[in-house]
Student: 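Please read through the structure below; I'll follow up with questions.
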Amino acid sequence: MRRLNKSSLAAVPDGVATPEYDRDACGTGIVHLGLGAFHKAHQAFYTDAALAAGGGDWKIIGVSMRNEQTAQDFNEQDGLYTILVKAPERTEAQIIGSIASALCARTQPDDVLNALSDPATRIVTITVTEKGYGINRATGGVDPSHPVIAQDLKRDQAPVGAVGLIVAALEKRRADGTAPFTVLCCDNLPENGKFVHAGLIDFANRFDTGLGDWIARNVACPSSMVDRITPAQTAATREIAADLTETQDLLAVETESFHQWVIEDHFPSGRPSWEAAGAIFTRDVAPFEKMKLRLLNGSHSLIAYMGLLLGKQYVRDVLSDAGLEALIRKHLDAASATLPPMHDIDLPAYCADLVERFRNPNIAHETSQIGTDGSEKLPQRILAPAVDALGANQSVRPFAFATALWIWFCRTGDLNDPRAEQLESAAQKTSPEEILADLETISGLIPAELATSVVWRRDILSILSDLMEHSPEFVISSEIGERAN
Ligand code: CS2
């Protein structure tokens, strides 16, 4: 079978959508850091639609942070790859043309710096996951003990992390008299623009306060809320792509049909017309971020830990149990109650749609994928709404329940989390009180409002005691009974 690339593109079957614009006529304008499945299914998809609608020099140079093979595969395929859009009843293939070429930051840091410093680059988008920044959310500054930050702060070789690369490129642009690019964070973090801005400024201030001030004054970091459920690629993804496109595509990605992108409209050096694929531009993204993080991501984490403790491999398997679905709906209700009123958004309808998205039988989304990096995810997904619920005298039980399941999952060992060692040792303590006390020593994890709350402690200690005495099956089914009352 021929490999997907420029020359095989013309031969793909009619039912497959292909880029309907002259790719060669569009220059590059974006460098993306973190060339994973989510970028392919989301920002590159939106940019492809924008190029098709209005052209422009907005093609993307994709940067894989560590994986050289990914960059090589992209270059061998002339940047082309397939998105499999998986509705419940059917799968459609679309070939995306917005990625021009790819680099690997680990092995080609100088080339990445050159791309970032090129005046043609006007936007830098990022998806490096919550833990990839090395920014401490409690202080707002960089975490000098984060291995990549520590390495890049030495400044004895080209930087390899997202923050180090961006600051080095901004330093060069400032020296060259080139306008800065706009930095657009596309990770699931609250107020992600402010978060990145503060991290960049602090990193720069550690060796050049003049540069830190310049970044503070000149670099726009709009916030954005991103959404599209995108499981990791499997062999099945590549097989379906081969079937539909009749080419071999090593980069195929599968995703749902739903997609959403809400972006703060602050791009001093211009931007693509991402509206072409439905992006919403607004002045204040925070309410949308809060809604998505607490409803979609919060219930996703609950689903993940229920699934992992009950031996359910996929999100859809959790949804196929009516009792578990009832717990998810209760969680959604509790999280909705912590949100500010939102014009134009019907929260009950949003939640009903979420349940259907999770149930999609055509999407095989592993609970283990969502269960990774809990210490990076729970603060904004579960613990922040718990703090708000507490402040408003609403029940914190659903949040305590999700947190206790996560703690119990940490006890099973073999965690994929930057704080794995501390979490495993805390979760293996012999009493619930000791577990909580240990977790509270992990910097920035448990908010003080919860640590000092009698109500929160009562709920979480009682669920942990139950888990110490009974099986997760028993504790989860008792919770279903309790919530039904
Ligand atoms: C998921 C998200 O892996 C996870 O933690 O909750 O990646 C989720 O699928 C996306 O945010 C959906 O937009």
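Note that the structure is predicted; figures quoted are calculated from it, not measured.
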Student: Does the Asn218 side chain pair with the main chain of Trp214, one donor and one acceptor, at a distance under 3.5 Å?
Tutor: yes
Student: Between the side chains of Asn75 and Ser101, is a donor N or O closer than 3.5 angstrom to an acceptor N or O?
Tutor: no
Student: Angle between ring planes, Phe38 versus His42, binned at 30° and 60°: parallel, tilted or perpendicular?
Tutor: parallel
Student: Where does the angle between the aromatic ring planes of Phe267 and Phe281 fall among parallel (under 30°), tilted (30 to 60°) and perpendicular (over 60°)?
Tutor: perpendicular
Student: Are Pro287 and Asp284 side-chain neighbours, meaning at least one heavy-atom pair lies under 4.5 Å?
Tutor: yes
Student: Could you tell me if Arg228 sits above the aromatic ring of Phe45, with its cationic atom closer than 6.0 Å to the ring centre and no more than 45 degrees from the axis?
Tutor: yes
Student: For Thr125 and His32, which I'm curious about, is there any donor-acceptor pair between the side chains at under 3.5 Å?
Tutor: yes
Student: Distance alone, cut at 3.5 Å: any donor-acceptor contact between the side chains of Gln69 and Asp73?
Tutor: yes
Student: Do Pro385 and Phe399 have side chains that get closer than 4.5 Å, going by heavy atoms?
Tutor: yes
Student: Is it the case that Trp406 and Ser301 place a side-chain donor and acceptor less than 3.5 Å from each other?
Tutor: no
Student: Where do Tyr46 and Trp261 land on the ring pair (Phe, Tyr, Trp, His ring centres under 6.0 Å) test, with the steps shown first?
Tutor: CA-CA 9 Å; Tyr46 277 86; Trp261 199 3; 5.1 Å; yes
Student: Side chains of Ile166 and Leu33: closer than 4.5 Å at any heavy-atom pair?
Tutor: yes
Student: Provide the full list of ring pair (Phe, Tyr, Trp, His ring centres under 6.0 Å) pairs with a residue in residues 124-166, sequence neighbours left out, each pair given once.
Tutor: Tyr133-Phe195
Student: Go through the steps for Phe401 and His331 under the test ring pair (Phe, Tyr, Trp, His ring centres under 6.0 Å), then give the verdict.
Tutor: CA-CA 9 Å; Phe401 181 67; His331 187 92; 9.0 Å; no
Student: Mind checking whether Ile60 and Thr28 have side chains closer than 4.5 Å, heavy atoms only?
Tutor: no
Student: Is a side-chain donor or acceptor of Asp417 paired with a backbone partner of Gly374 at a separation under 3.5 angstrom?
Tutor: yes
Student: Would you check if there is a donor-acceptor pair between the side chains of Arg122 and Ser269 at a distance under 3.5 Å?
Tutor: no
Student: Would Asn188 and Lys377 count as having a side-chain donor-acceptor pair, cut-off 3.5 Å?
Tutor: no
Student: Do you see a donor-acceptor pair shorter than 3.5 Å between the side chains of Asn297 and Lys292?
Tutor: yes
Student: Compute both the distance and the angle, then confirm whether Arg173 meets the cation-pi test with Phe181: under 6.0 Å from the six-membered ring centre, within 45 degrees of the axis.
Tutor: no
Student: Asp176 and Lys172: salt bridge (Lys or Arg N to Asp or Glu O under 4.0 Å), yes or no, with the steps?
Tutor: CA-CA 6 Å; Asp176 294 349; Lys172 174 138 194 342; 2.8 Å; yes
Student: Would you call Thr230 and Lys40 a side-chain contact if the rule is heavy atoms closer than 4.5 Å?
Tutor: no
Student: Side-chain contact test, heavy atoms from C-beta onward, threshold under 4.5 Å: evaluate it for Asn67 versus Cys104 and give yes or no.
Tutor: no
Student: Evaluate the side-chain proximity of Ile123 to Pro272: yes if any heavy-atom separation is below 4.5 Å, no if none is.
Tutor: yes
Student: In this structure, which one of Arg419, Lys429, Arg411 forms a salt bridge (charged side-chain N to carboxylate O under 4.0 Å, His left out) with Asp438?
Tutor: Lys429
Student: Taking atom types as modelled, find out whether Arg137 and Gln380 have a side-chain donor-acceptor pair closer than 3.5 angstrom.
Tutor: yes
Student: Do Leu184 and Val124 have side-chain heavy atoms sitting under 4.5 Å apart?
Tutor: no
Student: Testing the 3.5 Å rule here: is there a donor-acceptor pair between the side chains of Gln428 and Glu424?
Tutor: no
Student: Distance alone, cut at 3.5 Å: any donor-acceptor contact between the side chains of Thr338 and Arg294?
Tutor: yes
